[in-house]
Amino acid sequence: MPPRDPLSVITEAFTSLLFGRTETTRLPVRTSTGQAQAVYLPTAAPGLGDSGVIIGREVYSGKGYIYDPFQLYGQQLPAPHWLVLGESGNGKSALEKTYVLRQLRFRDRQIVVLDAQGEDGVGEWNLIAEELGITPIRLDPMAALDGSVRLNPLDPSITSTGQLALLRTIIEVALGRTLDERSGFALKVAHAYVNQHVTGRQPILTDIVERLRHPQPESADAMNVALEDVRAWGLDVALVLDRLVDGDLRGMFDGPTTVGIDLDAPLIVFDLSHIDRNSIAMPILMAIVGVWLEHTWIRPDRKKRIFLVEEAWHIINSPSVAQLFQRLLKFGRRLGLSFVAVVHHLSDVVDGAAAKEAAAILKMASTRTIYAQKTDEARATGQVLGLPRWAVEIIPTLTPGMAVWDVNGNVQVVKHLVTEAERPLVFTDRAMTESSAMLPADDGLTDIDADTDAYEAETAARVMSFEKRQGVG
């Protein structure tokens, strides 16, 4: 035995004097990691229960990951709304489509999808609609004059109050500012006159434009102002609505609602792929569809409804439209509505013109799913959403199909699984082209298991490294 260190001898003598004994010296034990793993038992976050829709597999525990906002609402979720974030090509679209297909297996589900992307002249959800025997509601300003689909903002199924609110929203989105009191008065009296005097048919926007241009004397008399003043107050409003009647957006909203739209179908797809996503038409269209659905689709009939919106920053980034959808979300919670917003970057909305409204909508989303993002974006996302540090560290390293799920504070890394039957409907040609090198060759369980096991080991190592740097454990 080698000679003992003098300092150790002194320390042991002092300890013996003070406590009447010395610490027992234990010899080191050499063993394998396979044997030592019994000492450090594996742990994993609790799941979300076993009732609902299968999403995939939680990578740390290997357990199936099941999620359903209607099953979790009230006990584990304060609100059934869901935010999906991430860069293109990482699996957001595949998740949305499989989620909808699996939800439709429940008979009490109804789903509306606003399909803002497409290729080959049709929306991205066209394959799924065809498979289910559903005809998408295709809104196309180029084809609208040839008898295509129309949605009437003055549809009698919408209440008078809802019609006026919708008209104000359309105008405010187009103007980029709040409607002033005088313009609002001119619009109100024109709308009231049209609703009172147009009978035997649906009132349409042309009626409102005509009345704004030629207000009635009683409108001026009611406020004790000159008739020319009322006409001047309504001029900007008339010009905005004229764009929907006789401008580049004509044909989609300037006539009676198209007969035959089946609002009882299990899946309703609004194909917006022919609308320029960067034009003012998109937020206007979002506003009209949102209000129209609020008054014609959402009913107290005990059905569970899902409203999925792609390119949702068009909603959240416009103050007027964001306020409208914020009301829809609050209203929908009482009637079983789950709102799903799909956004590429959180910075698109939190730094936009509707930051206040965006924060309110984000707060309502108790479920957040985050796919791979760049490091800076992941940090900003983590700060806004209040994600734990380890999750922020993991997000930039996620591979396609992997995502961080935060369900009201229950944070896990989940591998999304796609079945062979779903694959032809889920992965469009464009998606395969953009990320073909990153997608697995097939969906055999062996390949998925190997992929998940390898990623689990890499992710666990990153978390341990992160905790070591932070001085945790």
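Everything numeric in this text was worked out from a predicted model, so none of it was measured. Residue numbers start at 1 and run along the sequence shown.
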query: Between Leu95 and Val426, does a side chain to side chain contact (heavy atoms under 4.5 Å, CB included) hold up when you go through it step by step?
result: CA-CA 8 Å; Leu95 174 66; Val426 166; over 6 Å; no
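- Ion pairing between Arg182 and Asp236 fails under the 4.0 Å rule for side-chain N and carboxylate O.
- Of the possible polar contacts, one joining the Thr258 side chain to the Arg150 backbone as a donor-acceptor pair under 3.5 Å is found.
- At a threshold of 4.5 Å between non-hydrogen side-chain atoms, the residues Leu85 and Thr381 count as touching.
- Here the side chain of Glu310 pairs no donor or acceptor atom with the backbone of Val342 at under 3.5 angstrom.
- When side chains are defined from C-beta on, Phe270 counts as touching Leu293, because their heavy atoms get closer than 4.5 Å.
- Note on Arg168 versus Glu172: salt bridge recorded, some NZ/NE/NH1/NH2 to OD/OE distance being below 4.0 Å.
- Between the Glu422 side chain and the Thr419 main chain, a donor and an acceptor come within less than 3.5 Å of each other.
- Relative ring orientation between Trp390 and Tyr60 is described as perpendicular, the plane-to-plane angle rising above 60° on a 0-90° scale split at 30° and 60°.
- With contacts defined as side-chain heavy-atom distances shorter than 4.5 Å, the pair Ile284/Thr169 does not qualify.
- Taking CZ of Arg379 as the reference point, atom OG1 of Thr375 lies at 6.0 Å (rounded to 0.5 Å).
- Side chain of His81 to backbone of Phe339: a donor-acceptor contact under 3.5 angstrom is found.
- A salt bridge links Asp68 and Arg109; the closest N-O separation between the charged side-chain nitrogens and carboxylate oxygens is under 4.0 Å.
- Considering only heavy atoms from C-beta on, Val411 comes within 4.5 Å of Val404 through its side chain.
- Ion pair Arg302/Asp108 not flagged as a salt bridge, since none of the NZ, NE, NH1 or NH2 atoms sits closer than 4.0 Å to an Asp/Glu carboxylate oxygen.
- At distances below 3.5 Å, at least one donor-acceptor pair connects side-chain atoms of Ser338 with backbone N or O atoms of Pro80.
- None of Val112, Leu114, Val269, Val100 except one satisfies the side chain to side chain contact (heavy atoms under 4.5 Å, CB included) rule with Leu308; the exception is Val100.
- Gln412 contributes no side-chain N or O that, together with a main-chain N or O of Asp406, makes up a donor-acceptor pair within less than 3.5 Å.
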task: Apply side chain to side chain donor-acceptor pair (under 3.5 Å) to the pair Ser61 and Glu58, showing each step before the final yes or no.
output: CA-CA 6 Å; Ser61 68; Glu58 199 275 315; 2.8 Å; yes
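- Salt bridge annotation for Glu124-Lys97: present, with a cationic side-chain nitrogen under 4.0 angstrom from a carboxylate oxygen.
- Side-chain N or O atoms of Ser183 include none that pairs as donor or acceptor with a backbone N or O of Leu179 at under 3.5 Å.
- Looking at heavy atoms from C-beta onward, Leu244 lies out of side-chain contact with Asp254 at the 4.5 angstrom threshold.
- Distance alone, capped at 3.5 Å, is enough to place a donor-acceptor pair between the Arg368 side chain and the Leu385 backbone.
- Using a 3.5 Å distance cut-off with no hydrogens or angles, the side chains of Trp82 and Thr369 do pair a donor with an acceptor.
- Contact annotation: the side chain of Leu337 approaches that of Trp297 to within less than 4.5 Å [non-hydrogen atoms, C-beta and beyond].
- Around CZ of Arg102, the count of heavy atoms belonging to other residues, nucleotides or ligands within 6.0 Å exceeds 12.
- For Lys374 (side chain) and Pro396 (main-chain N/O), no donor-acceptor pair under 3.5 Å exists by modelled atom type.
- Distance alone, capped at 3.5 Å, is enough to place a donor-acceptor pair between the Glu377 side chain and the Leu346 backbone.
- Looking at heavy atoms from C-beta onward, Pro136 lies in side-chain contact with Asn126 at the 4.5 angstrom threshold.
- A donor-acceptor contact closer than 3.5 angstrom is absent between the side chains of His344 and Glu87.
- The shortest side-chain heavy-atom distance between Gln326 and Met364 falls under the 4.5 Å cut-off.
- The OH atom of Tyr67 sits 9.0 Å away from the CD atom of Gln103 when rounded to the nearest 0.5 Å.
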